[in-house]
Amino acid sequence: MRCKMCRWFVYTQVYMPPKIAIQERKMRVLVGVKRVVDYAVKVRVNPDGKSGVDLSNIKMSMNPFCEIAVEEAVRLKESKAASEVVAVSIGPKQCTETLRTALAMGCDRAVHVHTGLRTDYMELQPLSVAQILEKVVEKEEPDLVVLGKQSIDGDCGQTGPMLAGLLNWAQVTFAAKVDVNDDKSLLVERETDAGTETIQINSLPAVITCDLRLNEPRYATLPNIMKAKKKKVDTMEAEDLGVDLMPRNEVLEVYEPPKRKEGVMVANVDELLDKLRNEASVIS
Amino acid sequence: ALPQIRCTSSSSSSSSSSSLLKDSTFVPPSNNWPACRKDQSSSRTSLSSPSSSSSIHTNHFSTATNNNDTSSSSSSSPFPHLRPPNIKDVHIFQKIMNYRPGSVITTLGKQEGIEDEDEDILKRYNVDWTHRYQGNSSLLLRPQTTNELSQILSHCHKNYIGIVPQGGNTSLVGGSTPISNTEIILSLEKFNTIHSFDTDNGIVTVDAGVILSTLQSTISERYGYLIPIDIGSKGSCQIGGNVSTNAGGQYYYRFGSLHANVLGVEVVTAKGDVLDLMSCNRKDNTGYDLKHLFIGAEGTLGIITKIALSCPKLPTSRQAALLQCPTFNDVRTTLSTAKEKLGEILSAFEFMDYEVVSLVQQQQQQTVLIEEEDDESDNPFFLLVETQGSNSEHDREKMEQFLECCMEDGFVVNGILAQDGKQMEEMWNIRESCNPIVKADGYNYKYDISIPIPEFYDMVEEMKDHLSTNYTTRSTRTVSWGHVIDGNLHLNITTPGIFTEDKTLTEVIEPYIFESVIRRNGSISAEHGLGQCKNNYLPMVKDATVVMLMKSVKDMLDPHGIMNPGKFLPSSSSSS
């Protein structure tokens with residue numbers, strides 16, 4: 001028996017499948033990073049209503065939740081809980097820039113799954129993404145997959161849970177805190193509308209998706225950016241993976257939300273009451 | 001017929017500053033004095049040997065003090081040729097503005113002691129952002145159209161009533177607040193329409209009272225263009241005020257001054273005439289270009305009501321990096337490398353020293369650059385480098401080459417490159433917080449100077465030595481930041497925790513710093529202007545003939561001396 005925490009946990013634990021191999025070597029972590037429209041950019045929708053957001057000549061960067069995921073993975077490595085962090089991205093050739101950012105933040109190497117399909121839900125959708133990641137997991141054999149809880153272009157929040165389902169792994173979503181116990185089990189705090197849930201992942205492998213409060217992503221420092229240039233990036237084609245990349249859902253229309261109507265100034269309370277009663281019909 | 005040139009018939013007693021010009025012992029600076037790049041009134045750069053008349057300057061500096069604290073209690077007004085407004089004027093102004101509520105705010109004709117919301121409103125307009133200058137005006141006007149403004153000025157001109165035009169009230173030299181209780185405040189805040197945007201030429205026609213950040217976001221979101229000026233006070237300052245003070249800012253290097261970007265203005269002169277100088281053509285060589293007189297005149301010649309501004313296209317690719325250098329020579333090397341490697345995409349190159357960055361980090365409780373264990377003396381210089389371009393791949397390659405070169409040759413030892421828009425905003429936030437955070441530290445002795453780049457940081461070190469030798473009453477903090485690419489240094493000294501001015505400290509700093517700047521052929525006011533803070537130093541940095549010519553221009557355009565009295569040009573009232 002080791003620490004007090006473990007003692008308690010051994011008393012209540014359910015049967016733990018023999019994953020002795022994992023306990024002897026440290027974790028390998030796979031982090032998903034998505035290249036999306038920069039969160040500070042004000043997007044414009046194509047006026048035809050069908051082709052979605054105008055992505056020409058627009059600034060792209062790493063999805064903010066993916067940044068948080070990378071930061072958490074790198075912290076796991078710094079605390080010696082993980083031995084290697086691999087970043088993976090799916091998309092056009094410019095994804096290598098996003099991967100370079102992940103490498104500059106501290107990942108050891110990267111995998112780029114190349115595809116010409118649009119990744120903002122218009123063509124490539126979460127189920128296909130999860131299936132592609134499943135193939136990458138088969139190849140890389142990580143113990144932990146860390147993803148952002150959702151992307152800011154699709155806003156689906158489905159990839160993490162779908163991946164866990166496909167792999168039949170444990171999953172904890174909306175993680176706000178991740179602690180690694182001595183015996184490699186993970187204690188994760190999870191944000192819900194009703195409050196915080198604390199979940200213990202007794203055995204790896206598992207999928208964790210990260211929420212905003214989890215950490216504050218670090219800046220990429222110049223020395224690390226220089227080092228990142230020498231780190232390995234493997235490329236593979238999405239079409240070669242034997243995954244059905246066709247979208248399951250058809251996007252019918254994309255339009256901007258209707259502009260807020262201008263307010264009306266009233267001169268006094270009587271006028272306000274009159275308008276509420278006769279124009280807005282909210283009081284009798 | 002051209003009006004007669006006559007001197008403003010101010011106080012009959014001979015004052016120290018008018019005697020500066022006629023005094024036979026005063027030796028004006030030699031005629032081939034060059035002025036530095038960011039000088040408010042001219043434009044050449046070169047270095048020459050220090051002037052030999054520095055001793056005389058010291059003598060005159062000590063007499064050219066400013067009477068900031070003229071209060072209404074003094075019976076003699078600082079502007080004897082002007083009369084304060086009375087209740088009749090209030091009625092006339094109300095009539096001019098159609099009795100619109102909120103257009104005339106006054107404490108005139110109201111009983112003392114009774115709480116009045118007008119009084120609270122007036123208080124706000126009477127004090128400046130730095131809280132150094134407290135005016136006492138009893139009347140605030142907020143016209144809505146050029147016609148109203150013209151009628152108001154006409155009336156004031158006829159009746160010798162002083163006017164202080166006010167935009168966002170963000171002046172750092174007390175230029176937008178009244179000096180006494182005789183002037184009236186004329187706010188441009190109701191002139192807030194963005195009229196039109198010419199997409200072929202990139203020219204925006206805008207009213208003077210539009211807030212700069214509103215203008216920036218409207219033009220960028222609706223049309224995809226950039227306003228060529230960006231300064232820390234953009235959330236409050238108005239474009240009319242920016243033009244009237246020829247504001248500088250972080251994009252000065254890239255886009256040039258407002259003299260270069262303003263294509264036309266509509267001005268209401270002191271006499272109430274509306275001057276239509278609103279050319280919306282890029283090129284227009286027809287006659288004397290009078291608009292340049294009003295750009296940078298700080299409201300002393302007329303009030304700008306409309307502006308035609310040339311705008312560059314919004315860059316599709318923007319990058320920012322914060323760099324850390326061990327010595328100032330390394331800063332210089334980084335600067336020249338940036339100009340070489342980044343070339344045409346370099347848009348801003350800002351400097352901050354260790355003290356101000358650690359102060360900002362402390363107040364904002366975020367460690368961006370400085371870890372706690374850092375030794376101060378190791379790498380005390382921070383640079384914010386920004387690029388703007390039209391091709392992100394090309395720009396990124398250039399930035400990488402530049403950073404690699406700097407790191408390999410060792411003149412940059414550390415730094416961070418922004419990976420997304422949010423990180424870029426955070427970096428700019430550090431730079432833009434310098435001013436407010438230093439203001440919150442203690443009373444701010446603020447200096448905005450142009451210095452030849454090699455001697456940039458020497459000024460700061462010399463000031464620190466000078467203060468430690470000559471002022472031991474209490475602790476002071478000397479911080480500096482600035483647009484190093486323009487040679488523009490913002491040197492600030494504070495007394496931490498103490499928020500009132502210590503006149504002995506001012507006297508230790510002031511003649512010394514200006515003498516030091518002039519000796520180096522710098523400018524005593526790079527971009528902040530003169531206002532009521534540095535106007536009396538004008539004769540020290542410009543020839544007597546030049547100052548006389550400036551006064552003639554003022555007399556021609558404002559013969560009754562009603563526009564922003566006591567500011568910009570040396571005041572004729574004797575110093576206390």
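Residue numbering restarts at 1 for every chain, and letters A, B, ... go by the order of the sequence lines.
Summarising the geometry, atom CG belonging to B:Leu322 is positioned 9.5 Å from atom CG belonging to A:Leu222; distances are rounded to the nearest 0.5 Å. In this structure, the separation between OH on A:Tyr219 and CE on B:Met427 is 6.0 Å, given to the nearest 0.5 Å. Between the OG atom in B:Ser392 and the CD atom in A:Glu97 there is a gap of 6.5 Å [rounded to 0.5 Å]. To the nearest 0.5 Å, atoms CG (A:Asn57) and OG (B:Ser390) are separated by 8.0 Å.
Between B:Gly421 and A:Asp38, the shortest heavy-atom contact is N-OD2, 2.5 Å. Shown here for B:Gly415 and A:Pro223, the closest heavy-atom pair between the two residues is O-CD, 4.5 Å. Nearest approach of A:Glu216 to B:Lys422, heavy atoms of both residues: OE2-NZ, 4.3 Å.
For A:Arg44, the part lying near chain B is the side chain, with the backbone staying farther off; criterion is any non-hydrogen pair under 4.5 Å. Using a 4.5 Å cut-off between heavy atoms, B:Glu425 does not touch chain A at all.
Residues meeting the side-chain contact (heavy atoms from CB on, under 4.5 Å) test with A:Met226, sequence neighbours left out: B:Leu403, B:Glu404, B:Met407. Checked against salt bridge (Lys or Arg N to Asp or Glu O under 4.0 Å), A:Glu239 has no partners two or more places apart in sequence or in another chain.
A heavy-atom distance below 4.5 Å is not found between the side chains of A:Arg100 and B:Arg396. Counting heavy atoms from C-beta on, the side chains of B:Asn414 and A:Thr221 come closer than 4.5 Å. No side-chain heavy atom of B:Ile416 sits under 4.5 Å from any side-chain heavy atom of A:Ile225.
Top candidate by heavy-atom pairs under 4.5 Å with chain A, chosen from B:Asn391, B:Val413, B:Thr316, B:Val412, is B:Thr316.
Heavy atoms from other residues, nucleotides or ligands lying under 6.0 Å from CZ of B:Phe197 number more than 12.
Heavy-atom neighbours of chain B within the stretch residues 61-81 of chain A, taken at a separation under 4.5 angstrom, comprise A:Ser61, A:Glu67.
Under the ring pair (Phe, Tyr, Trp, His ring centres under 6.0 Å) criterion, no residue pair touches residues 391-429 of chain B, with sequence neighbours excluded.
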